[in-house]
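Right, one structure below, let's go through it.
These values consider heavy atoms only, across backbone and side chains, with no hydrogens, waters or symmetry-generated copies.
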Amino acid sequence: MCSGEMNGGDVLDDVAGLVAERNRIDAALARRVRAAELSQAPERDGLRSMASWLRGHCRLSAAEASRLVRNGRALEHLPALAEAHDAGLVSAEQVAVAARAVTPERLAAAAVAGVDLAVIDAVFTGVAIERPHADLAQVVRRYLDDLDPDGSEPDPTEQRSLTLAKHADGASSIRGQLDPVGGEKLQAALESLVQTDRPAGDERTRAQRLGDALVQLADDALAAGSLPMLRGHKPQVAVVVELEDLADPATGPGAGQMGFGAVISAASARWRACDGAVSRVVFGPDGAPLDLGREQRLAGRHLRRAAELRDGGCVFTGCSAPTHSCDVHHLVHWIDGGETSLENSALLCERHHTKVHHGFRVERQPDSRWRTYRPDGTEITTPAALVPAA
């Protein structure tokens with residue numbers, strides 16, 4: 001055997017060893033997440049659930065945070081699979097597949113049917129250890145079909161999901177699924193727009209035409225003015241851009257920021273301004289009435305817009321609620337003599353607005369950063385960004 005083959009074998013052994021180690025770490029993590037959930041630990045940091053804590057404090061995606069929580073719950077009901085996970089023989093992805101069989105509803109159905117869950121656990125574990133990943137998914141699916149052979153009519157809302165992922169350039173990726181009827185409704189709406197927008201020489205692909213139709217559908221809904229109100233205002237597409245960039249004919253990349261965080265060029269902002277209303281917001285005493293003193297208790301339109309521009313969303317540590325989900329909070333409460341001013345305001349989502357009225361506290365530092373404190377005075381912090389090894 002040549003040295004290259006030996007080295008290759010060593011590398012593959014290392015890979016297999018690292019996968020097993022990752023599985024063991026994932027098992028320990030899932031168990032700790034479950035322990036934290038059972039003890040309601042997230043409440044200490046003002047958050048409702050472990051999923052929200054993992055998103056805000058560990059920077060996990062919503063999907064990964066939810067999977068960790070579900071896996072921790074599943075391991076309690078599948079001890080054989082949990083043991084194999086602890087030993088590094090089963091992956092977190094395999095546990096997530098098996099977890100579909102031990103939701104509260106399916107556990108209840110299994111109990112009514114007299115299913116011996118220990119047998120199911122053993123079967124799942126054996127397949128997970130010895131067979132390809134797809135086989136485990138098939139076995140779990142077969143078990144679920146046997147558990148409910150009649151297939152009760154599913155709730156369509158449980159089959160619908162939509163995820164919008166924002167990228168660094170401001171573009172969005174869409175991923176989701178719809179129940180059969182919901183899918184038909186969307187397809188009918190999009191197809192009507194696709195078929196009425198077919199100019200001569202159109203070289204767009206089918207996917208591009210559907211994308212344009214989806215944007216047109218949103219345009220029509222916003223223009224109709226019949227959508228539900230967002231914090232007392234009609235939903236609208238907002239762009240914040242410096243006056244100099246708006247007037248400058250240069251392209252100006254990255255000059256404008258939209259309401260949900262997308263960054264666009266000044267040229268694109270000028271295009272939006274052609275058929276939109278332009279509002280001047282000035283952070284100073286000579287412009288919009290940002291400082292309303294004691295004359296008015298509730299934040300008006302100008303003050304709210306200024307707070308949205310400054311804070312960008314809920315300022316409570318670990319929370320990522322967007323501006324449209326937030327209230328304007330008085331740092332020094334109105335009843336205690338606090339003024340209705342930008343300096344005395346903070347954006348807080350409904351949950352955290354309640355929290356700061358029950359012992360938690362937010363403070364804005366001289367460097368414009370926000371800090372959050374528990375009722376006992378200790379600070380809530382998120383882990384520092386990881387530093388690459390030297």
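By the 30° and 60° cut-offs, the orientation of the rings of Trp53 relative to His57 is parallel.
No single ILVMFWY cluster, assembled from side-chain heavy atoms under 4.5 Å apart, contains both Tyr373 and Leu347. Taken together through direct or relayed side-chain contacts under 4.5 Å among Ile, Leu, Val, Met, Phe, Trp and Tyr, Leu89 and Val95 form part of one hydrophobic cluster.
Remark: side-chain polar atoms of Asn71 are paired, donor with acceptor, to backbone N or O of Ala92 under 3.5 angstrom. Put simply, the side chain of Gln208 gets close to the backbone of Thr205: a donor and an acceptor are under 3.5 Å apart. No donor-acceptor pair under 3.5 Å is formed between the side chain of Arg34 and the backbone N or O of Ala74. Side chain of Thr372 to backbone of Thr317: a donor-acceptor contact under 3.5 angstrom is found. The backbone N or O of Ser192 sits less than 3.5 Å from a side-chain atom of Thr196, completing a donor-acceptor pair.
Closest approach of Ala346 and Leu331 over heavy atoms only: CB-CD2, 3.8 Å. The two residues Arg374 and Glu379 make their nearest non-hydrogen contact at NH1-O, 3.2 Å.
The pair Arg141-Asp145 meets the salt-bridge criterion, since a charged nitrogen lies less than 4.0 angstrom from a carboxylate oxygen. Under a 4.0 Å N-O distance rule, the pair Asp202/Arg204 qualifies as a salt bridge. By the 4.0 Å N-to-carboxylate-O rule, Arg70 lies too far from Glu37 to be salt-bridged with it. Using a 4.0 Å cut-off between charged nitrogen and carboxylate oxygen, Glu343 and Arg310 do not count as a salt-bridge pair.
In this structure, the ring of His352 has its center no less than 6.0 angstrom from the ring center of His329.
Here Arg55 pairs with nothing under the salt bridge (charged side-chain N to carboxylate O under 4.0 Å, His left out) rule; sequence neighbours left out. The side-chain hydrogen bond (donor to acceptor under 3.5 Å, both in side chains) check on Ser49 picks up Ser52, with sequence neighbours excluded. Partners of Asp86 according to the side-chain hydrogen bond (donor to acceptor under 3.5 Å, both in side chains) rule, which considers only residues two or more places apart in sequence or in another chain, are Arg31.
Donor-acceptor pairing under 3.5 Å is lacking for the side chains of Gln216 and Asp212.
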